[in-house]
Undergrad: 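Sharing a structure with you now.
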Amino acid sequence: MILAIYGSPRRRGNTATLLDKAIVGALENGAQVEKIVLRDLSIAPCLEIYGCKTTGRCVIQDDFQRVYDQLLECDGLMLASPMFFYSVSAHTKCLMDRCQSLWVKKYWIEKRSSKKTQLRRKGLFISAGATRGKRLFDGALLTVTYFFDVLDMELSGTLLCRGLDFEGDVLQHPEYLEAAYRAGQELAQAVKDDPGRNEPDG
Ligand SMILES: Cc1cc2nc3c(=O)[nH]c(=O)nc-3n(C[C@H](O)[C@H](O)[C@H](O)COP(=O)(O)O)c2cc1C
């Protein structure tokens, strides 16, 4: 199963349109896709109380609990977030910060070495920003790379679209829409080609 996470507060924004195209690409390549719209969920920010340190599970009882299970179960991930102040949206960042519980599980409880981590699963990051700066996505890419790492996931694909601001702007860019469709197809293919993700650490 591929988990598709919509991280924009805009329901029909540019990243939502791109993610929808990527989902169609994945479905047409035989994948099963589950969607999550973060703005419809109640996910509080991390409180940094480390209630997760005994079980690796966050102790705040909200919608994150279900997403946590889906994040563990999925074979691949599509994450879509607009650029907000050169990073991901607040909705997306709340989810990421709550995944500190997974970091605790991995490095404190299971005492796994960061050097030996095998990035078995694949993840696609989709983003859009209004400006065209060369470094527009640098901050978010660092954040997403380390978020995926906690999930034992490789950032295997990116779709980073500049010059998109108002809702619907992306519809003027068939090249972005086609790239999103292809990125979805490729992620589905990568998931099909890599059946070994559930093997225990060697
Ligand atoms: C709070 C906020 C912060 C933003 N920060 C940036 C930014 O740092 N760089 C940029 O190029 N665009 C920025 N934008 C513009 C959005 O990235 C742009 O409108 C994008 O297309 C929104 O994607 P969406 O329609 O999927 O929500 C910002 C917009 C908002 C609302």
Side-chain angles (χ1 to χ4, degrees), residues 2-28 31 33-48 62-64 66-67 70-71 74 76-100 122-148 151 153 155-188:
I2 291 176
L3 189 61
I5 300 181
Y6 291 73
S8 172
R10 264 181 188 165
R11 284 188 193 285
R12 280 176 285 278
N14 296 307
T15 50
T17 303
L18 292 165
L19 184 57
D20 283 341
K21 283 280 173 203
I23 289 172
V24 172
L27 290 171
E28 289 185 1
V33 180
E34 284 181 23
K35 296 188 226 173
I36 294 178
V37 182
L38 291 179
R39 69 159 284 171
D40 290 340
L41 302 183
S42 169
I43 299 182
C46 172
L47 292 178
E48 213 180 352
D62 61 13
D63 291 332
F64 174 71
R66 182 162 53 91
V67 180
Q70 287 172 298
L71 283 169
C74 70
L77 181 67
M78 295 178 182
L79 176 67
S81 168
M83 271 312 95
F84 279 3
F85 285 91
Y86 292 86
S87 188
V88 293
S89 69
H91 289 82
T92 309
K93 191 61 166 49
C94 272
L95 171 70
M96 289 176 164
D97 288 355
R98 293 287 293 283
C99 286
Q100 178 70 355
K122 311 273 183 213
L124 166 67
F125 177 55
I126 294 174
S127 192
T131 59
R132 296 178 182 277
K134 193 168 160 243
R135 305 191 60 194
L136 174 58
F137 298 102
D138 285 8
L141 283 174
L142 202 56
T143 303
V144 170
T145 299
Y146 283 95
F147 171 60
F148 280 13
L151 299 169
M153 205 171 265
L155 178 58
S156 63
T158 55
L159 180 64
L160 308 171
C161 303
R162 293 175 169 82
L164 303 180
D165 200 0
F166 299 106
E167 201 172 292
D169 276 358
V170 73
L171 299 173
Q172 308 306 316
H173 291 268
E175 74 282 10
Y176 286 155
L177 301 174
E178 278 162 34
Y181 178 84
R182 272 200 313 277
Q185 278 197 317
E186 284 164 15
L187 182 65

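Residues take their numbers from the sequence shown, with the count starting at 1. Indexing begins at 1, ligand by ligand and atom by atom, following the structure's order. Since the model is a prediction, treat every value here as computed from it, not as a measurement.
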Undergrad: Between R11 and D40, is there a salt bridge with N-O shorter than 4.0 Å?
TA: yes
Undergrad: Return the residue, atom name and 0.1 Å-rounded distance of the protein heavy atom closest to atom 22 (C) of ligand 1.
TA: P82 CB, 3.6 Å
Undergrad: Can you check which of L19, T17, D165 brings a heavy atom nearest to atom 19 (O) of ligand 1?
TA: D165
Undergrad: What protein heavy atom is closest to atom 18 (C) of ligand 1, reported as residue, atom name and distance in Å?
TA: L164 O, 3.4 Å
Undergrad: Using a 4.0 Å heavy-atom cut-off, which part of D169 comes near ligand 1: side chain, backbone, both, or neither?
TA: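 No part of D169 comes within reach of ligand 1.
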Undergrad: Suppose I only count heavy atoms of S8 and a 4.0 Å limit; which atoms of ligand 1 are within that range?
TA: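 That gives atoms 24 (P), 26 (O), 27 (O) of ligand 1.
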Undergrad: Tell me the protein heavy atom at minimum distance from atom 26 (O) of ligand 1, and give that distance in Å.
TA: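 Nearest neighbour among protein heavy atoms for atom 26 (O) of ligand 1, to 0.1 Å: T15 OG1, 2.5 Å.
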Undergrad: So, do P82 and S89 sit near enough that their side-chain heavy atoms are less than 4.5 Å apart?
TA: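 In contact.
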Undergrad: I want to check something: taking the side chain as every heavy atom from C-beta on, are M96 and V144 in contact at a cut-off of under 4.5 Å?
TA: yes
Undergrad: Is there a nitrogen or oxygen of F85 sitting under 3.5 Å from a nitrogen or oxygen of ligand 1?
TA: yes
Undergrad: Report yes if some N/O of M83 lies less than 3.5 Å from some N/O of ligand 1; otherwise report no.
TA: yes
Undergrad: Which protein heavy atom lies closest to atom 31 (C) of ligand 1, and at what distance to 0.1 Å?
TA: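 Going by distance alone, atom 31 (C) of ligand 1 is nearest to F84 CE1, 3.7 Å.
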Undergrad: Please check if the side chain of D63 supplies one atom and the backbone of S42 the other of a donor-acceptor pair under 3.5 Å.
TA: yes
Undergrad: Could you tell me, atom by atom, which parts of ligand 1 come under 4.0 Å of a heavy atom of G129?
TA: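 Close to G129: 11 (O), 17 (O).
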Undergrad: Give the numbers and elements of all ligand 1 atoms closer than 4.0 Å to a heavy atom of A128.
TA: 17 (O), 20 (C)
Undergrad: To the nearest 0.5 Å, what is the distance between OG on S127 and CG on L141?
TA: 8.0 Å
Undergrad: Evaluate the side-chain proximity of T92 to F84: yes if any heavy-atom separation is below 4.5 Å, no if none is.
TA: no
Undergrad: Tell me whether the count of non-hydrogen atoms from other residues, nucleotides or ligands lying under 6.0 Å of CD in E175 goes above 12.
TA: yes
Undergrad: Counting non-hydrogen protein atoms only, what is the nearest one to atom 12 (N) of ligand 1? Give residue, atom name and distance.
TA: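 For atom 12 (N) of ligand 1, the nearest protein heavy atom is A130 N, 3.2 Å.
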Undergrad: What's the spacing between D138 CG and T143 OG1 if we round to 0.5 Å?
TA: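 Reported value, rounded in 0.5 Å steps: 10.5 Å.
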Undergrad: Rounded at 0.5 Å granularity, tell me how far CD in Q100 sits from CD in E48.
TA: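 It comes to 8.0 Å.
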Undergrad: So if I count the atoms of ligand 1 from 1 in the order they appear, which ones are less than 4.0 Å from some heavy atom of L136?
TA: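 Heavy-atom distances to L136 below 4.0 Å select 9 (N), 10 (C), 11 (O).
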